[in-house]
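Every chain is numbered from 1, with letters handed out A, B, ... down the list of sequences. All values below come from the heavy atoms of this structure, side chains included, with hydrogens, waters and symmetry mates left out.
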Protein chains: 2
Amino acid sequence: MSAGLATDPAPIAQAAAGRNTDLARLSLNTATTKHLTLAEAAKAAAEAGLSAIGPWRDRVQEVGAEQAATILKDYGLRASSLCRGGFLTAATREGRDAALEDNKRAIEEAATLGTKELIMVVGGLSAATTPGGPAAPYQVVDGVDPGRDVVAARQRVADRIGELVPFASSHGVRLVIEPLHPMFAADRAVVSTIGQALTLCEPFESYVVGLVVDTYHVWWDPRLKSQIARAGQERRIASYQVCDFSLPFAAEPLNSRGHVGDGYVDFATITRWVTQAGYTGDIEVEIFNEEIWAAPAAQTLATMSERYLRHVAPFLRD
Amino acid sequence: MSAGLATDPAPIAQAAAGRNTDLARLSLNTATTKHLTLAEAAKAAAEAGLSAIGPWRDRVQEVGAEQAATILKDYGLRASSLCRGGFLTAATREGRDAALEDNKRAIEEAATLGTKELIMVVGGLSAATTPGGPAAPYQVVDGVDPGRDVVAARQRVADRIGELVPFASSHGVRLVIEPLHPMFAADRAVVSTIGQALTLCEPFESYVVGLVVDTYHVWWDPRLKSQIARAGQERRIASYQVCDFSLPFAAEPLNSRGHVGDGYVDFATITRWVTQAGYTGDIEVEIFNEEIWAAPAAQTLATMSERYLRHVAPFLRD
């Protein structure tokens, strides 16, 4: 028995052979089961009939990337992605160097795990000293406040992606830009649309820079149809993440996501667009929600599978 | 003394003659002083040296549009806009008819007040039965959930604007589309960007359909510079509203706005863009914020004037 596993994985691996093919593309992003270790999440996913999992770096680093890869292998799961690199908007040299080093470690972790896709949350404004916190005092230097200069922050993102591309390429890993909902533009990601992500992708080969379509973040975009189509033509779609935009907001708005079908997203239409764009990869469920985190893992896996089969899977056929 | 005024307006009108020219373009949108009557808000604005006010319909309807116009005149204020018409996404015939009737009343109120600009909050998805509330149950009809079909909802907005244009035109009133922050796309407005608003404007003359640039709603848009420039070329900018995007969110996220300078918006840059686009109209301050609503009106007016002079006015010169 491999170190770190609570039970003998042999029966799980056997179950993998008879894995539910209807769930073949469904992946558990481990943010959805936030309180579980990687091994516990892998066990829950495998027992629910899934073949894929999208781990977060903190749970990978808990056991080390090599051991994490072993856990996934023992449970018969492939890694659909690794969350997350990014945080590229630091305005100082020290901040830039630290970010590049951390991203290189993330690229290595992704390669060790055997996933090509490193999700990148690009970072917010310099005036955002803590995520969700108040802005630093306003100051104008040469006609603009550098802490609030979103144009300059986006340029730093573009520059640093360029600096990381050779390292990513040599490790067989793709930098996957994740546009975030504009409610997080100030403090988490100054990239807010698929169109904007495509502009960042443009100078680079599609095997080394791509983007993820996360329904929570982009469902509202009036240009979503055309930009998903373009992303497909350019072979940029590295991941499709499904979770719902729910109201009312949670006390911590970051944790306002819900199970597919509980909120306002038109999954039938968006899933068709992603399918027509040619995407055939994994479909991750990534939900930040206090109630879901408190629920038993088996219940969460059952609900996400049922919602996937009802609201997403029927629209995966072109 | 006109009915409805608490004090003799003559001294106020006299003060108007010596009005602060530095504040000549600043307007108090009465949402900022939510708990005041129209007369109280007009008094506070005039005493603070402003020449313009942007009333909300509920406070106008409280005294009737004719009396509201008299109040503004007595205090030496012009109406920079009327908030708000809109709510155009009802999926039923009854809902459509009721919305068109209500918007015609709003157009008449705007004309009576002497403002050209009727701000339009276009409305959310049909699945949003109450603003801020949970979505109606998911259902698929002919391959899509009509309650969540944002493409169809946007089409209804376009259709109803077209139906209102003749009435607006004959009353000398412009329908001013307000893109709202995407956090409100589900339940308040399926129009989220300046670019999208321009597409809605396109079939119509610029004197009858325009848009408002509200920094809270649009600051994050990666295409903001180019779309403001295009809006200026097409003479579509009917209003510029300044208030800040602050974190953390308030308990009711709708009320998370802040005084200019307290949040993350780059007012220097956006104000330059609006100025370069040729906009020379009023600049409204519209803040939804529980603490500001609880503050004395004179304090709010003083703060908004000071922030305007520091963060906005210097960038109004081309």
Side-chain angles (χ1 to χ4, degrees), chain A residues 124-125 127-128 131-135 137-138 140 143-145 147-151 154 181-187 190-193 195-196 199 217-225 244-249 251-253 256 258 260-269 272 310-311 314-315, chain B residues 124-125 127-128 130-135 137-138 140 143-145 147-151 154 181-187 190-193 195-196 199 217-225 244-249 251-253 258 260-269 272 310-311 314-315:
Chain A
L125 297 172
Y138 203 95
V140 178
V144 73
D145 178 348
R148 287 166 173 73
D149 187 349
V150 66
V151 172
R154 292 177 181 138
H181 196 286
M183 76 173 90
F184 306 118
D187 61 326
V190 293
V191 173
S192 312
T193 66
Q196 185 187 3
T199 300
H217 292 310
V218 300
W219 72 273
W220 56 270
D221 185 349
R223 305 172 80 223
L224 188 61
K225 180 178 191 288
D244 222 327
F245 183 94
S246 296
L247 292 176
F249 289 105
E252 167 48 73
S256 299
V260 166
D262 284 348
Y264 287 96
V265 174
D266 181 355
F267 288 98
T269 301
R272 279 201 198 90
R310 188 177 359 147
H311 297 300
F315 309 98
Chain B
L125 297 171
T130 57
Y138 203 95
V140 179
V144 72
D145 177 351
R148 286 166 174 73
D149 187 349
V150 65
V151 172
R154 291 177 182 138
H181 195 287
M183 79 173 87
F184 306 119
D187 61 325
V190 294
V191 174
S192 311
T193 66
Q196 185 187 3
T199 299
H217 292 311
V218 300
W219 73 274
W220 55 270
D221 185 350
R223 304 172 80 223
L224 188 61
K225 178 178 193 288
D244 223 326
F245 182 94
S246 296
L247 291 175
F249 289 105
E252 167 47 73
V260 166
D262 285 346
Y264 287 96
V265 174
D266 181 356
F267 289 98
T269 302
R272 279 201 198 92
R310 188 179 356 150
H311 297 298
F315 309 99

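At least one donor-acceptor pair under 3.5 Å links the side chain of B:Y264 to the backbone N or O of A:P134. No donor-acceptor pair closer than 3.5 Å links the side chain of A:R223 to the backbone N or O of B:Q196.
Using bins of under 30°, 30° to 60° and over 60° for the plane-to-plane angle, the ring pair B:W220/A:W220 lands in the perpendicular bin.
Heavy atoms closer than 4.5 Å to chain B are found in both the backbone and the side chain of A:P222. Within the 4.5 angstrom heavy-atom criterion, no atom of B:A251 approaches chain A. Contact annotation for A:V265: only backbone heavy atoms (N, CA, C, O) come within less than 4.5 Å of a heavy atom of chain B. For A:A127, the parts lying under 4.5 angstrom from a heavy atom of chain B are both the backbone and the side chain.
If you tally non-hydrogen atom pairs under 4.5 Å between each of B:G132, B:P182, B:G143 and chain A, the highest count goes to B:P182. Taking chain A as the reference chain and counting heavy-atom pairs below 4.5 Å, the highest number among B:D262, B:L125, B:V150 is found for B:L125. Of the listed residues (B:S192, B:G261, B:G133, B:G124), the one with the most heavy-atom contacts under 4.5 Å to chain A is B:G133. Counting heavy-atom pairs closer than 4.5 Å to chain B, the top residue among A:A185, A:S256, A:G258, A:S246 is A:A185. Most heavy-atom pairs under 4.5 Å with chain B, from the set A:P314, A:A268, A:P248: that is A:P248.
To the nearest 0.5 Å, atoms CZ (A:R148) and CH2 (B:W219) are separated by 10.5 Å. Note that CG of B:D221 is 7.5 Å distant from OG1 of A:T193, once rounded to the nearest 0.5 Å.
Side-chain contact between A:V144 and B:D266 is present, with heavy atoms from C-beta onward closer than 4.5 Å. Inter-residue side-chain proximity for A:Y138 and B:R310 is flagged as unmet; no heavy-atom pair is nearer than 4.5 Å.
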